[in-house]
Amino acid sequence: MKNELYERIQILQVNRVISEKVADYTKSIIDRILSEVPEAEQEKLEMFITHLAMAGKRAEEGTEENPIDDTILQGMKEEEAYKKAVMLRDQFLSMTDIEFPETEKDFLSVHLCSLLS
């Protein structure tokens with residue numbers, strides 16, 4: 001699974017969709033998340049990693065997603081895995097100097113919560 005995820009990020013970088021900095025950061029998160037959640041479901045992990053890479057790109061460009069639907073966010077906050085998702089998200093974000101806006105942080109939390117559930 002790691003090689004497939006790395007390949008996905010490499011394709012985004014080679015095609016200049018994401019920068020080398022975002023690619024390197026995303027690969028470091030792939031390594032970290034696979035050590036934290038080795039049983040991660042591939043499809044959910046792919047969604048999280050792809051969103052992380054694209055969020056990094058948007059953060060570098062100074063753009064961001066539209067805010068997540070408040071109902072979805074509130075529902076995720078009630079999930080058992082949400083606190084761990086936020087903790088992991090914050091650890092992951094501390095591994096880069098890319099400044100992610102709150103909207104992107106919310107999306108990353110939701111993806112991580114789904115991954116951990």
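Note: hydrogens, waters and symmetry copies are ignored here, and every other heavy atom, side chains too, is used. Nothing here was measured: the structure is a model prediction, and the numbers come from that model. Along the sequence shown, residues carry numbers from 1.
Judged by distance alone, with hydrogens and angles left aside, the side-chain atoms of Asn15 form no donor-acceptor pair with the main-chain N or O of Val17 at under 3.5 Å. Listed for the Ser94 side chain is a donor-acceptor partner under 3.5 Å among the backbone atoms of Gln91.
Both Leu93 and Leu34 are assigned to one and the same hydrophobic cluster, defined by single-linkage of ILVMFWY side chains at heavy-atom distances under 4.5 Å. In terms of hydrophobic clustering, with Ile, Leu, Val, Met, Phe, Trp and Tyr side chains grouped at heavy-atom distances under 4.5 Å, Met95 and Leu45 are assigned to a common cluster. Neither Val86 nor Leu116 shares a network with the other; the hydrophobic side chains, linked directly or stepwise wherever heavy atoms of I, L, V, M, F, W or Y lie under 4.5 Å apart, form separate groups for each.
Residues Asp31 and Tyr6 meet the side-chain proximity criterion, which asks for heavy atoms closer than 4.5 Å. Taking the side chain as every heavy atom from C-beta outward, Leu52 and Val22 never approach each other to under 4.5 Å. No side-chain heavy atom of Leu88 sits less than 4.5 Å from a side-chain heavy atom of Leu115.
One distance of note links CG of Leu12 with OG1 of Thr50; it measures 7.0 Å at 0.5 Å rounding. In this structure, NZ on Lys27 lies 12.0 Å from CD1 on Ile49, to the nearest 0.5 angstrom. Gln74 CD to Thr71 OG1: the interatomic distance, rounded to the nearest 0.5 Å, is 8.0 Å. Atom CD1 in Ile18 sits 5.0 Å away from atom CD1 in Ile9 (nearest 0.5 Å). A distance of 4.5 Å separates CD1 in Ile30 from CG in Leu5, rounded to the nearest 0.5 Å.
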Between Leu73 and Asp69, is the side chain to side chain contact (heavy atoms under 4.5 Å, CB included) condition met? List the steps.
CA-CA 6 Å; Leu73 185 58; Asp69 181 271; over 6 Å; no
Go through the steps to decide whether Phe92 and Phe48 satisfy the test side chain to side chain contact (heavy atoms under 4.5 Å, CB included), and finish with yes or no.
CA-CA 12 Å; Phe92 296 163; Phe48 169 72; 4.1 Å; yes
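Sequence neighbours left out, the pairs with a member in residues 35-45 that pass side-chain hydrogen bond (donor to acceptor under 3.5 Å, both in side chains) are Glu4-Gln42, Gln42-Glu46.
Partners of Asp70 according to the salt bridge (Lys or Arg N to Asp or Glu O under 4.0 Å) rule, which considers only residues two or more places apart in sequence or in another chain, do not exist here. Asp24 meets the salt bridge (Lys or Arg N to Asp or Glu O under 4.0 Å) test with no other residue; sequence neighbours excluded.
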Would you give me the side-chain donor-acceptor pairs under 3.5 Å for residues 76-84, sequence neighbours excluded?
none

N/O donor-acceptor pairs under 3.5 Å from side chains in residues 54-67, not counting sequence neighbours:
unit_1: Arg58; atom_1: NE; unit_2: Glu104; atom_2: OE2; d: 2.6
unit_1: Arg58; atom_1: NH2; unit_2: Glu104; atom_2: OE1; d: 3.2
unit_1: Arg58; atom_1: NH2; unit_2: Glu104; atom_2: OE2; d: 3.3
unit_1: Glu60; atom_1: OE1; unit_2: Ser19; atom_2: OG; d: 2.9
unit_1: Glu60; atom_1: OE2; unit_2: Ser19; atom_2: OG; d: 3.1
unit_1: Glu64; atom_1: OE1; unit_2: Thr103; atom_2: OG1; d: 2.7

Contacts under 3.5 angstrom, residues 106-113 side chains, donor-acceptor by atom type, not counting sequence neighbours:
unit_1: Ser109; atom_1: OG; unit_2: Arg89; atom_2: NH1; d: 2.7
unit_1: Ser109; atom_1: OG; unit_2: Lys105; atom_2: O; d: 2.9

